[in-house]
2 protein chains.
Amino acid sequence: METLTEKQQEVLTFIEDCLRENDPPTQREIGDYFGMAQNSVYQLIGYLKKKGYLADIRGHRCIKLSDAYLRHLKATQGIPIVGRVAAGQPILAEENIEGYLDVQAVFGRAEGTFFLRVVGDSMIDEGIMEGDLVLVKPATEIENGRISVVLLDDEATVKRVYRQKYRIALKPANKRAGYKTLYAKPRENNIRMVGHVIGCLRTVVQ
Amino acid sequence: METLTEKQQEVLTFIEDCLRENDPPTQREIGDYFGMAQNSVYQLIGYLKKKGYLADIRGHRCIKLSDAYLRHLKATQGIPIVGRVAAGQPILAEENIEGYLDVQAVFGRAEGTFFLRVVGDSMIDEGIMEGDLVLVKPATEIENGRISVVLLDDEATVKRVYRQKYRIALKPANKRAGYKTLYAKPRENNIRMVGHVIGCLRTVVQ
DNA sequence: TTGCAATATGGTTTATTGACCATATACTAG
DNA sequence: CTAGTATATGGTCAATAAACCATATTGCAA
């Protein structure tokens with residue numbers, strides 16, 4: 001994106017702050033904040049629109065960030081992910097950051113996803129432990145080998161699920177305890193596919 | 001919170017939708033949307049203010065949710081957490097929901113938290129696997145027994161950390177591979193506390 | 001030095017907006 | 001049956017806000 005002057009950046013930041021709080025400012029409010037006339041703001045906003053940071057719309061108290069800038073923010077505003085740490089660098093140095101995770105994008109409450117609290121340790125070899133929250137994306141179709149949630153006799157179970165010729169295999173992952181693969185027949189057993197596990201989350205007491 | 005009539009609820013929902021997109025509506029815009037006069041909206045808004053859903057402020061295009069309602073939303077708007085599934089109930093039925101997780105609150109980029117990509121399998125018994133993202137809250141002090149991130153010779157390591165008399169113990173969790181506890185002496189080794197692990201996150205290809 | 005971009009001001013105009021009036025209807029609780 | 005609440009309308013008005021004009025200053029690049 002085109003670079004901004006210091007003043008423009010200050011004003012843009014102020015506008016962003018206001019918008020974040022759902023309180024779009026008037027030109028006068030911005031002017032008051034920075035101790036300048038409404039008119040200066042009018043012009044500043046003109047520049048910000050021309051440079052593509054603000055949406056090019058007119059109207060009373062209608063100031064908005066542009067779609068392009070919004071995309072830009074989204075791409076850079078996630079939580080930084082630190083990969084390998086370069087020798088001698090502070091941990092959050094540019095070199096160490098392998099990307100940014102937009103938590104909202106991952107866990108966005110978009111398509112009816114939900115968390116399921118894991119009971120039992122049958123999937124411990126997959127790093128899914130008792131008490132974890134697995135993020136479930138509802139689905140009705142089995143995808144062979146995917147870690148999925150199925151409802152077996154009104155019990156929600158997390159397993160790797162395979163569709164076989166006449167039955168459905170529910171494969172646990174706990175070598176130590178030696179859980180056995182469960183087999184369910186759609187006719188005989190009360191089984192229902194709930195969804196696929198698309199994430200696992202564990203929070204530790206802070 | 002005081003109950004709303006159907007109309008009031010509709011209008012409130014519309015206002016919420018607009019605000020979510022940082023686009024506070026005018027009374028006229030709301031009226032147009034529902035096919036009614038600006039005046040009806042004026043009155044509706046009056047009710048919503050009286051019932052405490054909207055902030056009691058006046059001004060042009062200054063509509064806002066009240067603090068009370070905002071709090072209420074925050075408490076109920078997270079991703080639902082499904083616990084035990086009651087017999088015969090749909091998975092997302094009221095009875096099954098043990099709470100709501102406000103992902104933003106947990107992962108809020110508040111105090112400089114960041115994710116660290118886990119390398120190696122030394123903490124696998126704690127369910128922290130290679131490739132996982134551990135959420136790290138920066139800290140300088142060791143808290144005995146907490147899973148922490150330390151920088152040992154410019155290598156970020158996740159371990160349970162203990163402060164002992166003359167050394168620091170870094171305890172892995174992988175019985176199968178038989179990793180041994182590392183001991184580091186602050187004088188001799190280049191060791192630095194980075195932070196505590198406050199969460200672990202794994203996302204699966206969707 | 002000339003010209004342009006950025007910043008700044010005061011003043012004026014026009015459009016938008018919320019507020020308020022009178023009024024009407026439907027429905028419910030007492 | 002009556003009073004009150006919620007919903008609805010049209011009309012008017014005052015406040016607010018953005019737009020735009022003329023103008024000035026500063027600093028930088030050509």
Side-chain angles (χ1 to χ4, degrees), chain A residues 1-70, chain B residues 1-70:
Chain A
M1 303 219 60
E2 208 172 335
T3 55
L4 297 178
T5 67
E6 201 178 325
K7 196 88 211 178
Q8 291 165 1
Q9 184 59 63
E10 279 179 39
V11 170
L12 180 61
T13 302
F14 178 73
I15 292 171
E16 283 176 52
D17 289 344
C18 290
L19 290 181
R20 202 168 301 123
E21 291 169 42
N22 266 319
D23 191 5
T26 65
Q27 294 177 1
R28 251 160 264 255
E29 282 165 2
I30 300 171
D32 287 351
Y33 182 83
F34 289 101
M36 59 190 181
Q38 170 253 326
N39 243 317
S40 309
V41 180
Y42 174 68
Q43 282 172 97
L44 248 347
I45 287 177
Y47 288 123
L48 289 171
K49 283 181 181 172
K50 202 170 63 180
K51 292 189 179 179
Y53 287 82
L54 295 181
D56 190 14
I57 45 178
R58 43 191 302 162
H60 292 55
R61 213 176 200 128
C62 274
I63 200 160
K64 274 190 188 185
L65 303 184
S66 73
D67 288 347
Y69 185 49
L70 236 28
Chain B
M1 303 220 60
E2 208 171 334
T3 55
L4 298 178
T5 67
E6 201 178 327
K7 196 87 211 181
Q8 290 166 2
Q9 183 61 63
E10 279 178 40
V11 171
L12 180 60
T13 302
F14 178 71
I15 292 171
E16 283 176 52
D17 289 344
C18 291
L19 290 181
R20 201 167 303 123
E21 292 170 42
N22 270 319
D23 192 5
T26 65
Q27 295 178 359
R28 252 160 262 254
E29 282 165 3
I30 300 171
D32 287 352
Y33 181 83
F34 289 101
M36 60 190 180
Q38 170 254 326
N39 243 313
S40 308
V41 179
Y42 174 67
Q43 283 172 96
L44 249 346
I45 287 178
Y47 288 123
L48 288 172
K49 283 180 180 173
K50 203 169 64 181
K51 292 188 178 177
Y53 287 82
L54 295 181
D56 190 14
I57 44 178
R58 42 191 303 163
H60 292 55
R61 211 177 203 128
C62 275
I63 201 160
K64 275 188 188 184
L65 303 184
S66 73
D67 289 346
Y69 184 49
L70 236 29

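Chain naming here is simple, since letters A, B, ... match the order of the sequence lines and numbering starts at 1 in each.
At whole-Å resolution of the value, CD in E6(B) and P in dT28(C) are 13 Å apart. Atom C1' of nucleotide dA18(D) and atom CD1 of I63(A) are separated by 11 Å, given to the nearest angstrom. In this structure, E10(B) places its CD atom 12 Å from C1' of dT7(D), rounding to the nearest Å. Put simply, CZ on R28(B) is 13 Å from P on dT9(D), counting in whole angstrom units. Taking atom NZ on K51(A) and atom C1' on dT7(C), their separation rounds to 12 Å, with Å as the unit. When rounded to the nearest whole Å, the span between NZ of K7(B) and C1' of dC27(C) equals 16 Å. The separation between L44(B) atom CG and dT5(D) atom P is 16 Å, rounded to whole Å.
A salt bridge is absent between K64(B) and E21(A); no separation between the charged side-chain nitrogens and carboxylate oxygens falls under 4.0 Å.
For Q27(A), the listed nucleotide lying nearest its side chain is dA19(D); candidates were dT7(D), dA19(D), dT7(C). Taking the side chain of Y47(B) as heavy atoms from C-beta on, and the options dG18(C), dT5(D), dA6(C), the nearest nucleotide is dT5(D). Checking dA19(D), dT9(C), dA8(C) against every side-chain atom of Y42(A), the shortest atom distance belongs to dA19(D). Counting only heavy atoms from C-beta on, Q38(B) has its side chain closest to dA19(C) among dA19(C), dT7(C), dT7(D). You'll find that the side chain of N39(B) is closest to dG10(D), out of dG10(D), dA6(D), dA8(C). Side chain of K50(A), nearest nucleotide from dA6(C), dT17(C), dA6(D): dA6(C).
At a threshold of 4.0 angstrom between heavy atoms, the contacts of S40(A) include nucleobase atoms, whether or not backbone atoms are also involved.
Of the candidates I63(B), L44(B), V11(B), L54(B) forms a side chain to side chain contact (heavy atoms under 4.5 Å, CB included) with just one, namely I63(B).
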### Message
Assess the residue pair E2(A) and Q8(A) against the criterion (side-chain contact (heavy atoms from CB on, under 4.5 Å)); give the C-alpha distance rounded to whole Å, side-chain angles, the decisive distance to 0.1 Å, and a yes or no.
### Response
CA-CA 12 Å; E2(A) 208 172 335; Q8(A) 291 165 1; over 6 Å; no

#### Entry: side-chain hydrogen bond (donor to acceptor under 3.5 Å, both in side chains) between T5(A) and Q9(A), worked out
CA-CA 6 Å; T5(A) 67; Q9(A) 184 59 63; over 6 Å; no

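Of the residues in residues 29-37 of chain A, none lies under 4.0 Å from DNA chain D by heavy-atom distance. Listed in residue order, the members of residues 52-61 of chain B having a heavy atom less than 4.0 Å from DNA chain C are R58(B), G59(B), H60(B), R61(B).
Within the structure, a side-chain polar atom (N or O) of T5(A) is placed less than 4.0 Å from OP1 or OP2 of dT7(C).
Ring geometry for Y33(A) versus F14(A): interplanar angle under 30°, hence parallel rather than tilted (30 to 60°).
For dA6(D), its base never sits under 3.5 Å from the side chain of Q43(B) at any donor and acceptor pair.
For the residue pair Y69(A) and E16(A), a side-chain donor N or O sits within less than 3.5 Å of a side-chain acceptor on the partner.
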